[in-house]
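Here's the structure, in structure tokens; my notes come after.
Positions are given from 1, in the same order as the sequence printed here.
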Amino acid sequence: MFTETQLREAASYIYQHMSPTPQISWPQINQRVGCQVLVKHENHTPIGAFKARGGLTFARWLKKNHPDATGIVTATRGNHGQAQAFAATKAGIASVVVVPRGNSKEKNNAMRSFGAEVIEQGADFNEALLEVAKLAEQRNLFVVPPFHPQIMLGVASYALELFSAAPDLDRVYVPIGCGSGICGTITARDALGLKTEVIGVVSDQFPAAKTSFDSGSIVESGPGSSFADGMAVRVPVPDAFAIYSKGAKRIVSVSDEEVAEAARIYFSDTHNATEGAGAVTLAAALQERDQLEGMKIGIVLTGGNIDSSAFAQLLNGETPRG
């Protein structure tokens, strides 16, 4: 875990490349949830998602510890790839991103715009990962994992901003994919000596983190499909699980229908577009409304990179599918 000094130093570096994001209390959101809510707007980063932060600190670490590295390679369906391409370009190194065949054209184009070479390979994320290993060996590229202490260090800066603005938060809801967000939030809370409850949120289609948390050991979930595709993780990352299994209060699950409704609320009440994973924390807060009276809570809107076709479905009252 990192100290407050280390967190603030990392944040200072990140601010050389992007601005802090706002935390806003929206009156209509407050009314719906039944308490004071601060929305942490990670959809306002240069890539439209929180992962930009971890990309920057990882690239800095790589340049310092592996100065001979000429490029990176990683697998993604979207935001992770944009973050790594964004950060690699800032660091002056090449980036190769492997995506499954049929991946979103909008996300692929975004990754290319940040400087990545995008390769479509495999039927799903796991098959894309196999191609990463091959490319790393063939081209002498450094593999970027989905979870790494330096990625978590960068991501923790959003929690540092939130807790610095509102150290009196009773509770904060954080999505769980591979775990950098919730682990960074726990790290920042503990470094600042706060007592805020950290509540993890998963899709009910990918409940592995919740099932593992509840049982006390890592449990794999079966295949699934979700509008919150940024959280489509079937097996918890062990290093991340070691942190959130101890530091989170509990983990709740939300349905695609709840997530879609939360995304519609964000647009109607704040005019912010959100991807599925970005809306899960509002969905969780609405689900737990009865226990929030009198509280002051934070919810992390982790990203706004929703495809136009899925957004059109949302506005038509439908639930997009993963």
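Between the side chain of Ser95 and the backbone N or O of Gln84 there is no donor-acceptor pair closer than 3.5 Å.
Residues satisfying the salt bridge (Lys or Arg N to Asp or Glu O under 4.0 Å) test with Arg234, not counting sequence neighbours, are Glu220. Residues meeting the salt bridge (Lys or Arg N to Asp or Glu O under 4.0 Å) test with Lys134, sequence neighbours left out: none. Legend: residues meeting salt bridge (Lys or Arg N to Asp or Glu O under 4.0 Å) with Lys107, ordered by chain and number and at least two apart, are Asp307. Evaluation of the salt bridge (Lys or Arg N to Asp or Glu O under 4.0 Å) rule for Glu137 yields no partner, not counting sequence neighbours.
At a threshold of 4.0 Å, the pair Glu9-Arg60 counts as salt-bridged, since one of the basic side-chain nitrogens sits closer than that to a carboxylate oxygen. Ion pairing of Arg321 with Glu257 is present here, as a side-chain N (NZ or NE/NH1/NH2) and a carboxylate O approach within less than 4.0 Å.
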Check residues 46-53 and write down every donor-acceptor pair under 3.5 Å in which the side-chain atom is one partner and the other belongs to a residue at least two apart or another chain.
from, atom 1, to, atom 2, distance (Å)
Arg53, NE, Glu42, OE1, 2.6
Arg53, NH1, Ser157, OG, 2.8
Arg53, NH1, Glu161, OE2, 2.8
Arg53, NH2, Thr21, OG1, 3.3
Arg53, NH2, Glu42, OE2, 2.9
Arg53, NH2, Glu161, OE1, 3.0
Arg53, NH2, Glu161, OE2, 3.3

Show which side-chain atoms of residues 188-201 pair as donor or acceptor with protein atoms under 3.5 Å away, not counting sequence neighbours.
from, atom 1, to, atom 2, distance (Å)
Arg189, NH1, Thr196, O, 3.0
Arg189, NH1, Gly247, O, 3.3
Arg189, NH2, Gly247, O, 3.1
Thr196, OG1, Leu169, O, 2.9
Glu197, OE1, Arg171, NE, 3.1
Glu197, OE1, Arg171, NH2, 3.3

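Cluster annotation: Phe2 and Leu162 are assigned to the same hydrophobic cluster (Ile/Leu/Val/Met/Phe/Trp/Tyr, side-chain heavy-atom contacts under 4.5 Å, transitive). Both Phe147 and Val144 are part of a single hydrophobic cluster, where members link through side-chain heavy atoms under 4.5 Å apart.
For Ala209 against Ile176, the heavy-atom pair with the smallest separation is CB-CG2, 3.9 Å. Shortest non-hydrogen contact noted between Pro236 and Phe241 is CB-CB, 4.3 Å. Taking every heavy atom of both residues into account, Val202 and Pro207 meet most closely at CG2-CA, 4.2 Å.
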